[in-house]
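Worksheet: the structure to be examined is printed underneath.
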Amino acid sequence: MPKIQVKYSAGGQIGEYGNDQEIIQLSVEIENFNDYPDTLELLRTRVLENLNLKEKHDKMQQEYDILAQKFCKLTEAMESANKQWELVSNFLKTQGLKTDNVEFPREALNSLSKSLPTIKNGYPE
């Protein structure tokens, strides 16, 4: 019995511009023509699952924007805490209560920065 080749392809827009498109095509050979509808539906599902690139791009951009805002707020909070630390440290020194120079605990910042996603080419990894 001859094999039947079933193909399904679809295209979608990747980015902001109309010329940024991707086409995904899958094909499979079947022996029984009765399997054709199920096979076509499976191919369609697989292609379309991977094709929503614009929506995925927009969602990633939104997540990135949220993370960038949180990072800015954390940076501002760290700068504020560092300034307060220095003010308290200077006050204690001038009062003679604490004469050793204790620096702001940067280990907390380092452990925090390790938990944040890294950004490569403008996108979190």
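All values below come from the heavy atoms of this structure, side chains included, with hydrogens, waters and symmetry mates left out. Quick caveat: nothing in here was measured; it's all calculated off a predicted structure.
A heavy-atom distance below 4.5 Å is not found between the side chains of Leu67 and Phe71.
The line from OG1 of Thr75 to NZ of Lys70 is 14.0 Å long, rounded to the nearest 0.5 Å. Distance check: Met60 CE to Glu63 CD gives 7.5 Å after rounding to the nearest 0.5 Å. The CD atom of Glu41 lies 11.0 Å from the OH atom of Tyr36; values are rounded to the nearest 0.5 Å. In this structure, OG1 on Thr39 lies 9.0 Å from CG on Asn32, to the nearest 0.5 angstrom.
Under the rule for a side chain to side chain contact (heavy atoms under 4.5 Å, CB included), Gln84 has no partner lying at least two apart in sequence or in another chain. For Leu42, the side chain to side chain contact (heavy atoms under 4.5 Å, CB included) partners two or more places apart in sequence, or in a different chain, are Arg46.
Scanning both residues, Asp35 and Ile30, for their nearest heavy atoms gives C-CD1, 4.1 Å.
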Between Asp65 and Gln61, does a side-chain hydrogen bond (donor to acceptor under 3.5 Å, both in side chains) hold up when you go through it step by step?
-> CA-CA 6 Å; Asp65 292 343; Gln61 186 65 45; 3.1 Å; yes

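Although no hydrogens or angles enter the test, the distance criterion places no donor-acceptor pair under 3.5 Å between the side chain of Ser89 and the main chain of Trp85.
With 3.5 Å as the limit, one finds no donor-acceptor pair spanning the side chains of Glu86 and Asn90.
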